[in-house]
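Because the structure is predicted, anything quoted here is derived from the model rather than measured.
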Amino acid sequence: MSKTIEQILGYVALTGVIKAVTTGIPDVLPKAFQTIKKQVPGIAGRYTQITGTRQTATISMYGSPARKRALRDIASKDVKLLHSFENITMAPLLLQTLRNYDNYDMQNLGIQEVDRQQSEFRAYFDNLRLSCQYSMLSLGHVYYDGDGNLLPTSSGAVVDVDFQIPANNQNQLNGIITASWALANTDIPAQLRALRLRAAQLTGYPLKYAFYGLNVPSYMTQNNYVIDYLARNPNFAQKFLEQAEIPDGLFGFTWVPVYTAFYEDASNTNQTFFSSDAVIFTPEIDSTVYELMEGSFMVPTSFNASANMASALGSLKQVYGMGSFAVPTMNPPTCEMYFFDQQLPVWKVPNSMFQADCTP
């Protein structure tokens, strides 16, 4: 008795599939985090740091010689990108179905399953890129264990990518958050003004974004100073009533909720990035402060036997960023797909980021 493809491959027709868990992790960041890119060969990158001046010119007696002024310093920073390289093997029975041209429905179903498996495979790499950006913002580090698994904290870390965020730019921001935002009488607007002054003095980059955790909207709406402000601005109050989120423009910041940012670790446990009381302040996300560096990887363009290594090397192509290729295998005869990526989010001006805990 003949069997259906569902019986052969052990799953129901894809047109009737219900996905119990959606693929991918939430992308809650401004699009600039994905679009501002710099390509470098291999996995070694470099960016240049310059320091502007905030000093004034001196005064001189009219007609006297010019005073000698030193040139401003310039420095370069070398970074090593994160490389990922994984593969999957398609089920031989699935590929056998694709080669069966007597039944179009069976063939079409097999193609759909191949496409689904490839999309799921790529999702691992998309998730890693996002997770690295989340970890950079929330921790100022990206941590990995000895098996190459991303970690939510430094515990058990073997690899530590440190973005050099100063200690004075973390937690209570070196005395700026003098009282908890959870208290109704804390002058939150005054703390934000003090933070703007600190940012102006440290780097001169005006702050724009406030990436906030789960509890922060509740602190805002229970705060006497914020309530008074919202009462005088019906538009902001209405936005909060509609979305239960901090409205953009409140106290001059673009407020971005990031509490849904998470990933699933190697033990299938969901790990969040941003603490409930976290607020991370940054300037505009542009190429002066941020880049997503993409390295390169050599990909074969043909799989024919070559007379020598020079000829074989000629079939390799340099591909930047994320990519994939597939090859047939013999034991057993099937198809194997490889996916690769070499990337690193780079925060180029560490002093311009402030990673606050608003409940000391």
Side-chain angles (χ1 to χ4, degrees), residues 26-30 33 133-140 152-153 165-262 272-285 289 347 351-360:
D27 182 357
V28 299
L29 299 179
F33 278 93
Q133 294 162 15
Y134 292 153
S135 192
M136 174 190 71
L137 280 175
S138 61
L139 302 175
T153 67
I165 309 301
N168 287 343
N169 287 31
Q170 299 175 347
N171 300 316
Q172 280 66 64
L173 311 182
N174 195 28
I176 288 179
I177 300 180
T178 54
S180 172
W181 288 18
L183 301 176
N185 61 349
T186 296
D187 192 345
I188 295 176
Q191 292 184 7
L192 294 175
R193 290 193 298 271
L195 176 60
R196 280 204 182 87
L197 174 60
R198 177 78 58 79
Q201 292 176 340
L202 277 176
T203 66
Y205 291 101
L207 296 177
K208 176 179 179 179
Y209 288 103
F211 302 92
Y212 63 88
L214 182 64
N215 292 339
V216 179
S218 297
Y219 297 153
M220 288 287 195
T221 56
Q222 296 169 15
N223 181 268
N224 295 334
Y225 294 87
V226 179
I227 290 173
D228 287 345
Y229 185 85
L230 291 177
R232 291 169 172 78
N233 194 317
N235 289 333
F236 282 171
Q238 184 62 34
K239 289 179 182 178
F240 180 83
L241 292 173
E242 292 173 353
Q243 303 173 8
E245 302 289 0
I246 303 174
D248 281 350
L250 181 65
F251 304 127
F253 289 95
T254 298
W255 296 86
V256 181
V258 289
Y259 51 82
T260 59
F262 75 96
T272 58
F273 287 98
F274 298 88
S275 73
S276 297
D277 299 333
V279 188
I280 289 83
F281 298 93
T282 74
E284 177 69 78
I285 310 302
V289 299
W347 196 262
N351 274 330
S352 67
M353 183 188 297
F354 297 85
Q355 299 167 321
D357 177 353
C358 67
T359 56

Checklist line | Close side-chain approach of Phe251 to Val226, heavy-atom, < 4.5 Å | finding: yes
Check: Who pairs with Gln355 by side-chain contact (heavy atoms from CB on, under 4.5 Å), at least two apart in sequence or on another chain?
Finding: Ile165, Gln170, Ile280, Met353
Next item on the list: Output every pair passing salt bridge (Lys or Arg N to Asp or Glu O under 4.0 Å) with a member in residues 205-231, not counting sequence neighbours, ordered by first then second residue.
Entry: Lys208-Glu284
Please table the atom pairs, donor to acceptor, closer than 3.5 Å between any side-chain atom in residues 174-181 and protein atoms at least two apart or in another chain.
{"unit_1": "Ser180", "atom_1": "OG", "unit_2": "Ala182", "atom_2": "N", "d": "3.0"}
{"unit_1": "Trp181", "atom_1": "NE1", "unit_2": "Gln191", "atom_2": "OE1", "d": "2.6"}

Item checked: Sequence-distant partners of Leu197, side-chain contact (heavy atoms from CB on, under 4.5 Å), two or more places apart -> Gln201
Notebook entry, point to check: Who are the ring-ring contact (aromatic ring centres under 6.0 Å, His included) partners of Tyr212, not counting sequence neighbours?
Noted result: none
Check: Between Leu183 and Asn223, which heavy-atom pair has the shortest distance, and what is it?
Finding: O-ND2, 3.4 Å
Margin query: Give me the atom names and distance for the closest heavy-atom approach of Gly213 to Pro217.
Written below: O-CD, 3.6 Å
Notebook entry, point to check: Excluding sequence neighbours, so at least two apart, what forms side-chain contact (heavy atoms from CB on, under 4.5 Å) with Ala190?
Noted result: Asp187, Arg193
Check: Distance from Leu207 atom CG to Leu192 atom CG, nearest 0.5 Å?
Finding: 9.5 Å
Next item on the list: Provide the closest heavy-atom pair for Ala184 versus Gln222 in the form atom of the first, atom of the second, distance.
Entry: CB-O, 3.4 Å
Notebook entry, point to check: When you check the side-chain N and O atoms of Asn224 and Asn185, is any donor under 3.5 Å from an acceptor?
Noted result: no
Margin query: Let me confirm one number: the CG-OG1 distance from Asn215 to Thr359, rounded to the nearest 0.5 Å.
Written below: 8.0 Å
Check: Do you know which two heavy atoms are closest between Pro189 and Tyr225, and how far apart they sit?
Finding: CD-CB, 3.8 Å
Next item on the list: With sequence neighbours excluded, tell me which residues meet ring-ring contact (aromatic ring centres under 6.0 Å, His included) with Phe354.
Entry: none
Margin query: Could you tell me if the side chain of Phe274 sits less than 4.5 Å from the side chain of Leu214, heavy atoms only?
Written below: no
Next item on the list: Kindly state each residue pair satisfying side-chain hydrogen bond (donor to acceptor under 3.5 Å, both in side chains) with at least one member in residues 248-262, sequence neighbours excluded.
Entry: Glu245-Tyr259
Check: How would you list, by chain and number, every residue that makes a side-chain contact (heavy atoms from CB on, under 4.5 Å) with Asn235, sequence neighbours excluded?
Finding: Asn233
Margin query: Is the shortest side-chain heavy-atom distance between Leu137 and Thr282 below 4.5 Å?
Written below: yes
Item checked: Tyr134 side chain to Val28 backbone, donor-acceptor under 3.5 Å -> yes
Note to self: Is any side-chain heavy atom of Pro152 closer than 4.5 Å to one of Thr272?
What the structure shows: no
Check: Restricting to pairs with a member in residues 182-209, which pass ring pair (Phe, Tyr, Trp, His ring centres under 6.0 Å), not counting sequence neighbours?
Finding: Tyr209-Phe211
Note to self: List the residues meeting side-chain hydrogen bond (donor to acceptor under 3.5 Å, both in side chains) with Asn169, not counting sequence neighbours, and say none if there are none.
What the structure shows: none
Notebook entry, point to check: With sequence neighbours left out, what residues match Phe281 under ring-ring contact (aromatic ring centres under 6.0 Å, His included)?
Noted result: Phe253
